[in-house]
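Side chains included, hydrogens not; waters and symmetry mates left out as well; all remaining heavy atoms used. In each ligand, atom 1 is the first atom listed, and ligand 1 is the first ligand listed. Values in this document were obtained by computation on a predicted structure and should not be read as measured data.
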Amino acid sequence: MIKQIRTDLRKCFEHLDYPVEEMFVSFSDRPDLCHYQSNSSFRLAKALRKKPLDIAASLAEEFNKVVDYATAEAVAPGFLNISVNDFGFTQTLKDLHKDPRCGVDILENAPKIIIDYGGPNVAKPLHVGHMRSAVIGESMKRLARFLGCEVLGDIHLGDWGLQMGLVIAGLAEKYDLSDYFEGNKPEKPQFTVDDLNLIYPEASARSKVDADFEELAQQITYKLQNKEKGYFDIWEDIVAVSIADIKADYEKLNVEFDLWYGESTCRDYVNPMIDNFTALGLTEESDGALIMDVTMPDDDKPMPPVMLRKSSGAHLYHSTDLATIKQRMEEYNPDEMWYFTDARQALHFEQVFRAARKTGLVKEKTKLAHYPFGTVNGKDGKPFKTREGGTMQLKDLISLVTEAAEKLLSDGAKSADKDAARKVGVAALKYGDLMCNRTRNYIFDIDKFLQFDGKTGSYLLYTLVRIRSIFAKLGDSTDIDIEGVKVTSDLERNILLKMEMLANAYHQTYEEKLPNYICDALFELANSFNVFYGSCRIIDEPDVQKRSTWIALCKITEKMLEQTLDVLGIETVSAM
Ligand code: ARG
């Protein structure tokens with residue numbers, strides 16, 4: 001409806017010779033008075049030197065002359081209040097009923113995007129921070145795709161830095177790796193992911209106190225990056241073991257990647273790229289390392305140089321990110337690259353993006369953007385930890401929510417289905433994360449996230465189950481004559497308005513990369529549906545027109561819940 005109102009109000013502007021750039025229509029701030037409003041008169045008043053109320057009155061008069069689905073009213077000091085009538089709402093219901101996208105428009109000129117998210121590190125257990133990146137990135141990927149963009153999700157594994165040298169050095173102490181160096185790569189890796197997960201923290205701690213060990217890890221990193229056979233073979237096994245485990249974790253979270261690239265994937269690009277930077281005169285040496293200045297004249301904060309190569313010759317986080325950009329441009333030529341990592345990496349990306357522009361790795365119009373997020377905290381307001389105070393691993397977090405959901409779903413005698421419990425638990429986890437503004441920290445409270453009566457994933461899944469059970473009860477009698485519907489009550493109007501707001505929220509979320517807009521609007525829709533459900537006995541309703549109208553509303557709500565939960569990356573359940 002808002003689109004139609006905009007179109008018609010624009011025509012009024014043209015007819016009255018008002019500048020159309022000043023034309024704005026929004027959802028009403030006072031739903032008790034009207035459905036939509038326009039505050040354009042105040043802006044026009046300045047430009048035209050007239051009273052806002054007179055302008056609003058002229059617009060109302062013109063609007064009411066041409067429009068049959070709504071009435072406009074000028075209200076002091078100059079608002080234009082627009083109320084849609086039953087004919088307008090009924091038409092909207094019919095339109096939504098036949099729209100496979102539930103009123104969500106495709107973007108004009110949808111760009112091609114690579115989304116860099118997840119970002120787990122090989123041989124290091126995934127932790128709570130990787131969960132946020134995966135959850136937010138997955139939803140933004142699905143949304144962009146739904147809006148018509150060509151999108152590739154890239155996991156960008158951390159598989160090429162010093163941590164690999166550390167793990168290999170640590171492994172070498174526990175296992176006999178000589179086969180790898182004698183050209184007899186074992187058929188199956190001798191170590192498991194649990195071994196790796198133990199080795200990394202040990203090796204990392206030790207490197208901080210044992211200079212020889214640190215030096216050894218540095219050397220191994222350099223050798224690996226030069227693809228020295230034995231080290232490269234060990235690395236391949238480490239990556240394979242790790243990826244299998246990472247895949248299993250992400251699968252439980254319903255997170256999928258199109259590209260399983262890593263820092264290592266661009267390895268052949270790194271040295272030629274850096275040499276080219278040097279040839280262009282853009283690099284300098286500093287203590288044996290190669291760096292690039294990326295300061296700009298009007299910087300108001302310190303901007304450290306980009307680190308391209310260590311004195312050992314090893315590549316760094318900056319260099320692999322730059323080479324990845326180069327590779328992406330060559331392989332896919334995207335219009336935009338989005339990165340979802342925690343806020344602490346903001347400086348890193350600013351440096352990388354500046355270097356990419358300075359060196360011409362991307363086109364002028366290529367958009368590079370880092371979308372940071374806040375931390376997941378415990379009830380004490382500090383980063384979320386295990387009961388024992390250790391880092392919360394993603395695996396443990398998934399078990400924790402699954403068990404909590406299982407408890408909630410089982411009713412004494414009957415124990416809950418494991419897969420359904422995982423879905424409900426993960427829905428709570430994901431919605432709990434996505435509904436908070438991405439840029440802020442939030443408190444992880446699984447009991448609160450799982451509550452049935454609140455702004456939670458459980459509430460949304462439950463609403464969907466409820467609608468599906470209405471259809472199960474109705475059986476064959478759900479076929480309605482859509483031409484025979486008529487919207488007559490506020491309960492019905494409310495649902496339709498909330499549907500439109502939700503469709504609008506898809507675009508707000510896309511613009512600002514803030515899934516909380518969709519989460520809020522979805523909750524509002526579910527809420528208005530449940531209020532309606534609480535007072536209308538759909539199944540027993542004898543009036544055919546009413547019954548058809550209600551069934552149509554149920555159908556669209558169901559479709560919109562399914563569609564939106566899918567965009568958020570949340571799986572649904574058939575019973576609860
Ligand atoms: N592996 C990194 C980490 O755990 C995140 C990678 C983010 N993506 C990137 N292109 N740097 O912090």
Side-chain angles (χ1 to χ4, degrees), residues 113-138 140-141 151-167 196-197 200-201 204 221 235 238-239 242-243 245-246 249-250 253 255 257-267 269-270 273 306-308 315-329 331-332 334 336-356 361-362 366-376 383 391-395 397 438 513:
I113 310 163
I114 292 189
I115 308 188
D116 183 313
Y117 70 105
N121 299 311
V122 158
K124 278 206 230 175
L126 274 70
H127 58 73
V128 117
H130 294 116
M131 186 265 306
R132 281 214 88 177
S133 176
V135 168
I136 298 169
E138 179 73 17
M140 287 307 309
K141 178 192 74 180
V151 192
L152 288 168
D154 181 6
I155 189 166
H156 201 76
L157 291 165
D159 63 356
W160 205 234
L162 179 61
Q163 94 257 22
M164 301 313 307
L166 287 166
V167 173
L196 295 177
N197 286 348
Y200 176 75
S204 167
T221 309
W235 173 82
I238 296 175
V239 171
S242 231
I243 283 189
D245 186 58
I246 290 171
D249 277 351
Y250 281 134
L253 281 181
V255 168
F257 297 93
D258 307 291
L259 302 176
W260 278 79
Y261 284 10
E263 292 166 355
S264 68
T265 312
C266 63
R267 58 185 173 249
Y269 284 79
V270 183
M273 174 191 77
V306 162
M307 305 288 293
L308 294 169
H315 306 156
L316 289 141
Y317 194 36
H318 281 147
S319 29
T320 50
D321 258 326
L322 284 165
T324 300
I325 291 177
K326 185 170 173 57
Q327 184 175 20
R328 286 177 183 159
M329 290 308 289
E331 284 186 17
Y332 301 105
E336 304 187 2
M337 288 181 224
W338 302 352
Y339 296 79
F340 290 94
T341 78
D342 73 54
R344 285 169 302 186
Q345 297 201 30
L347 177 64
H348 167 79
F349 284 108
E350 171 132 36
Q351 292 170 292
V352 167
F353 297 165
R354 284 185 180 201
L361 286 187
V362 293
T366 312
K367 182 169 157 186
L368 299 170
H370 174 225
Y371 298 109
F373 49 79
T375 47
V376 183
T391 314
M392 178 59 88
Q393 295 190 12
L394 184 60
K395 233 186 243 338
L397 189 69
R438 165 176 58 74
K513 322 295 182 267

When you compare the side chain of Tyr317 with that of Met307, does any pair of heavy atoms fall below 4.5 Å? no
If you scan protein heavy atoms around atom 6 (C) of ligand 1, the nearest is Tyr317 OH, 3.4 Å
So Leu322 and Leu308, do their side chains get closer than 4.5 Å, heavy atoms only? yes
May I ask you to check whether Phe349 has an N/O atom sitting below 3.5 Å from an N/O atom of ligand 1? no
N or O contact, Tyr339 vs ligand 1, cut-off under 3.5 Å: no
Atom CZ in Arg132, atom CG in Leu394: separation rounded to 0.5 Å? 13.5 Å
Hey, which atoms in ligand 1 end up nearer than 4.0 Å to a heavy atom of Thr341? 7 (C)
Whether the Asp249 and His130 side chains hold a donor-acceptor pair (N or O, under 3.5 Å, no angle test) is what I'd like checked. no
Evaluate Phe349 against Thr341 for side-chain contact (heavy atoms from CB on, under 4.5 Å), listing each step before the verdict. CA-CA 10 Å; Phe349 284 108; Thr341 78; 3.6 Å; yes
How close does the nearest protein non-hydrogen atom get to atom 8 (N) of ligand 1, and which residue and atom is it? Asp116 OD1, 3.0 Å
Nitrogen or oxygen atoms of Asp321 and ligand 1 under 3.5 Å apart: yes
Below 4.0 Å from any atom of ligand 1, is there a heavy atom belonging to Glu263? no
Atom 2 (C) of ligand 1: which protein heavy atom is closest, and how many Å away? Gly119 O, 3.5 Å
Students should be able to answer this: which protein heavy-atom is nearest to atom 12 (O) of ligand 1, and at what distance? Gln345 NE2, 2.9 Å
Keeping Asp159 on the side-chain end and Val122 on the backbone end, is there a donor-acceptor pair under 3.5 Å? no
Side chain proximity check, Val255 to Tyr117, heavy atoms < 4.5 angstrom: yes
